[in-house]
Amino acid sequence: AQWDDGDWSLGSGVFVVSNQNPKEGITWPKCDWLRQEVEGFLATLPRVQGAESYQLVQQVQAGLAEIMSRFDVDALLAPSRLPKWFAPEKEVQLHSGPFTPWRPTLQDFGTVSQRILVSDAQRRVVHYFHRSTNLAAGEGQPPGIAAWGSFVVDWPAEASSPPLCACL
């Protein structure tokens with residue numbers, strides 16, 4: 001299936017996407033696993049007011065970054081229908097968790113970057129966190145992983161509800 005041009009609305013909650021096409025109606029097991037882990041983590045957080053909301057956003061980002069750094073997750077199965085970009089054994093490695101690190105057996109592809117978006121209803125802003133996980137390295141060496149960077153985007157003035165929830 002082809003990606004359609006244009007936009008489409010996300011429901012409330014946690015939205016996870018990898019290289020799958022979400023419009024196909026098929027989600028990869030690693031995305032389902034990540035959504036469940038994130039929903040479980042978010043359910044443990046306290047509700048806060050005022051100045052504490054900024055600290056909570058930082059706590060959310062740190063927790064999600066830890067979850068998104070996992071690989072070789074025992075409970076995670078590869079999709080029943082593997083993509084055909086690589087040999088099946090390589091495709092299975094690409095589906096071992098939300099993070100696909102460089103490996104001697106998988107040097108030509110893996111996680112290139114990660115993003116976390118958190119909408120802060122108290123401050124009416126979206127926090128955009130990002131990191132490169134594919135910094136240049138020497139031949140046959142694993143790429144470097146950058147520190148998380150971030151910036152903030154204001155909600156549109158007319159928005160009465162968040163334009164995004166917690167998105168990965």
Side-chain angles (χ1 to χ4, degrees), residues 1-47 53 56-86 88 90-103 106 109-121 123 125-135 143 145-153 155 159 161-168:
Q2 300 258 331
W3 285 84
D4 293 338
D5 291 333
D7 59 4
W8 42 288
S9 296
L10 301 176
S12 63
V14 176
F15 178 75
V16 176
V17 65
S18 186
N19 291 344
Q20 92 233 6
N21 182 345
K23 287 193 171 184
E24 276 188 11
I26 300 169
T27 58
W28 285 346
K30 70 178 182 177
C31 293
D32 291 336
W33 176 89
L34 180 57
R35 182 180 306 100
Q36 291 170 358
E37 290 292 307
V38 169
E39 287 171 347
F41 168 72
L42 293 175
T44 68
L45 298 173
R47 298 218 178 256
S53 71
L56 182 60
V57 167
Q58 301 307 309
Q59 185 180 354
V60 167
Q61 188 276 330
L64 297 183
E66 188 279 321
I67 293 169
M68 290 174 60
S69 296
R70 296 179 190 169
F71 59 94
D72 293 341
V73 176
D74 291 334
L76 197 52
L77 302 174
S80 57
R81 191 177 89 202
L82 288 171
K84 301 199 183 310
W85 293 104
F86 298 103
K90 282 190 176 184
E91 287 291 352
V92 168
Q93 287 181 325
L94 292 172
H95 292 274
S96 71
F99 180 69
T100 303
W102 180 95
R103 303 167 191 255
L106 189 64
F109 196 77
T111 302
V112 174
S113 64
Q114 293 181 312
R115 288 153 307 282
I116 298 171
L117 283 71
V118 179
S119 188
D120 182 343
R123 298 185 189 274
V125 297
V126 173
H127 299 263
Y128 185 100
F129 299 94
H130 57 92
R131 74 173 176 173
S132 172
T133 56
N134 195 30
L135 299 177
I145 298 175
W148 285 91
S150 67
F151 59 89
V152 175
V153 178
W155 286 11
S161 62
L164 296 170
C165 289
C167 301
L168 311 173

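The shown structure was predicted, so the numbers you read here are calculated from the model rather than taken from an experiment.
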Test item: Pro88 and Lys90 side chains (from C-beta on) under 4.5 Å apart, heavy atoms
no

Between Thr100 (side chain only) and Leu94 (backbone N and O only), is there a donor and an acceptor less than 3.5 Å apart?
yes

Between Gly63 and Phe41, what is the shortest heavy-atom contact and its length?
CA-CZ, 3.6 Å

Tell me, do Asn134 and Thr111 make a side-chain contact under 4.5 Å, heavy atoms counted?
no

Do Ile116 and Tyr128 have side-chain heavy atoms sitting under 4.5 Å apart?
no

Check against side chain to side chain contact (heavy atoms under 4.5 Å, CB included), Ile145 and Leu135
CA-CA 6 Å; Ile145 298 175; Leu135 299 177; 6.0 Å; no

Scanning both residues in full, the closest heavy-atom pair of Ile67 with Pro98 reads O-CG, 3.4 Å

Which atom names give the shortest non-hydrogen contact between Met68 and Arg115, and what distance separates them?
CE-O, 3.7 Å

pair Val153-Val125: side-chain heavy atoms closer than 4.5 Å:
no

Side chain to side chain contact (heavy atoms under 4.5 Å, CB included) assessment of Val16 paired with Val38:
CA-CA 10 Å; Val16 176; Val38 169; 5.7 Å; no

All heavy atoms of Thr44 vs all of Gly40, minimum pair found to be CG2-O, 3.3 Å

Measuring only between side-chain heavy atoms, which start at C-beta, is Val126 closer than 4.5 Å to Asp120?
no

Is there a donor-acceptor pair closer than 3.5 Å between any side-chain N or O of Lys30 and the backbone N or O of Pro79?
no

Take the angle between the ring planes of His127 and Phe129 and call it parallel below 30°, perpendicular above 60°, tilted in between.
parallel

Is the Lys NZ or Arg CZ of Arg131 less than 6.0 Å from the centre of Phe99's six-membered ring, within 45° of the axis?
yes

Results of ring pair (Phe, Tyr, Trp, His ring centres under 6.0 Å) for His95 - residues two or more places apart only
Trp28

Straight-line distance of Leu76 CG to Cys31 SG, nearest 0.5 Å
9.5 Å

Can you tell me how far the CG atom of Leu77 sits from the OG atom of Ser96, to the nearest 0.5 Å?
12.0 Å

Would Glu91 and Lys84 count as a salt bridge (Lys or Arg N to Asp or Glu O under 4.0 Å) if you check the C-alpha gap in whole Å, the side-chain angles of each, and the deciding distance to 0.1 Å?
CA-CA 8 Å; Glu91 287 291 352; Lys84 301 199 183 310; over 6 Å; no

Gln61 and Val118, any side-chain heavy atoms less than 4.5 Å apart
no

Considering only heavy atoms from C-beta outward, does the side chain of Trp155 approach that of Ser119 to under 4.5 Å?
yes

Contact between Gln93 and Phe86 at the side-chain level, heavy atoms closer than 4.5 Å - yes or no?
no

What are the two closest heavy atoms between Ser150 and His130, and how far apart are they?
N-NE2, 3.7 Å

